[in-house]
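A quick write-up on the structure given underneath.
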Amino acid sequence: MTDDVFRWVIAIGVALAAIAFLIQAGIAVALYRIARRMQAKVTPLAERAEPILDTTRQMLAENRPRVAEISTHAVEVAKSVRRQTTQIGELLDETSTRARIRLADLDEKVEETVEQVGQVGGAVKTVVMKPVREMNAIMAGVRAALVTYARGRRPSVDHVTQDEEMFI
């Protein structure tokens, strides 16, 4: 590269740097003007808000002990609730365990009772049915005797043979 080209490149670079500097200066001036306008608009608002902020600060300063006391009480209540909830949970666990044990015992007793009722029912059935069967047998014998004596004679061989054939 020759010296003339080098000088032209340096000159163009310096010119571009100068232009960039002027643009930055213009942007800085524009930002300064915008900031001044914003300050002009915010100043009256800040003057109006100052008494409100002072009142708020004063209220916070006055109520700080009360807020601290309320916070302390809230923490105590939360701890108490947590403790009581734990106790209730333990009580419910214990109660449910006892209830399960009682239900299991009750279930066993009910099964035993049902079994005993079944045995008693079978025994009653046997006790009641035995005399009924005996009475039926006696009645059947009496009936057969009455039928035999009422006919006055024994059945013929033909009749007996027919009766026996029916069962063969």
Side-chain angles (χ1 to χ4, degrees), residues 1-140:
M1 180 177 337
T2 63
D3 283 341
D4 286 338
V5 174
F6 179 73
R7 285 184 190 148
W8 276 104
V9 170
I10 294 295
I12 291 173
V14 170
L16 287 175
I19 291 172
F21 177 74
L22 289 176
I23 291 173
Q24 287 177 353
I27 290 173
V29 168
L31 285 175
Y32 176 74
R33 287 182 182 171
I34 290 172
R36 295 277 292 187
R37 285 186 205 148
M38 290 297 286
Q39 184 178 6
K41 290 181 180 179
V42 170
T43 302
L45 182 63
E47 289 173 359
R48 280 193 237 151
E50 191 64 34
I52 295 171
L53 291 173
D54 288 341
T55 306
T56 305
R57 286 185 195 114
Q58 184 180 2
M59 288 174 58
L60 284 173
E62 290 174 359
N63 292 321
R64 184 168 284 142
R66 290 182 191 153
V67 170
E69 182 180 346
I70 290 171
S71 297
T72 304
H73 288 302
V75 168
E76 290 174 3
V77 167
K79 287 178 182 178
S80 175
V81 167
R82 185 178 299 131
R83 197 171 40 249
Q84 290 176 358
T85 302
T86 302
Q87 289 174 349
I88 289 172
E90 291 170 355
L91 179 64
L92 288 175
D93 287 343
E94 183 179 335
T95 303
S96 66
T97 302
R98 286 184 180 180
R100 275 191 223 109
I101 292 170
R102 297 288 184 213
L103 285 174
D105 291 344
L106 182 63
D107 189 40
E108 288 178 26
K109 298 297 180 190
V110 168
E111 285 180 19
E112 290 175 9
T113 304
V114 168
E115 190 176 317
Q116 289 174 356
V117 167
Q119 291 174 354
V120 168
V124 168
K125 185 177 178 181
T126 303
V127 168
V128 170
M129 291 306 289
K130 186 177 180 183
V132 169
R133 281 191 219 115
E134 290 174 356
M135 187 57 116
N136 280 341
I138 291 172
M139 293 301 289

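Here the structure is a predicted model, which is why all the values come from computation and not from measurement. Side chains are part of it too, since the values below use all heavy atoms of this structure and drop only hydrogens, waters and symmetry mates.
Here the straight-line distance linking atom CE of Met38 with atom OG1 of Thr43 works out to 10.5 Å at 0.5 Å rounding. Here the straight-line distance linking atom CG of Leu53 with atom CG of Leu60 works out to 10.5 Å at 0.5 Å rounding. Expressed to the nearest 0.5 Å, how far CD of Gln58 lies from OG1 of Thr55 amounts to 6.5 Å. The CZ atom of Arg57 sits 6.0 Å away from the CD atom of Glu50 when rounded to the nearest 0.5 Å.
Counting heavy atoms from C-beta outward, Arg100 and Thr97 have side chains that approach closer than 4.5 Å.
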Would you be so kind as to tabulate the donor-acceptor pairs closer than 3.5 Å made by side chains of residues 75-95, with sequence neighbours excluded?
{"residue": "Thr85", "atom": "OG1", "partner": "Val81", "partner atom": "O", "Å": "2.6"}
{"residue": "Thr86", "atom": "OG1", "partner": "Arg82", "partner atom": "O", "Å": "2.9"}
{"residue": "Glu94", "atom": "OE2", "partner": "Arg98", "partner atom": "NH2", "Å": "2.9"}
{"residue": "Thr95", "atom": "OG1", "partner": "Leu91", "partner atom": "O", "Å": "2.7"}

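By the neighbour-count criterion of 12 heavy atoms within 6.0 Å, atom CD of Gln39 is sparsely surrounded, having that number or fewer from other residues, nucleotides or ligands.
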Next on the checklist: Glu69 vs Thr72, test: side chain to side chain contact (heavy atoms under 4.5 Å, CB included). Steps then yes/no.
Outcome noted: CA-CA 5 Å; Glu69 182 180 346; Thr72 304; 5.6 Å; no

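Each of Asp107, Val114, Thr113 was checked for a side chain to side chain contact (heavy atoms under 4.5 Å, CB included) with Glu111, and the lone residue meeting it is Asp107.
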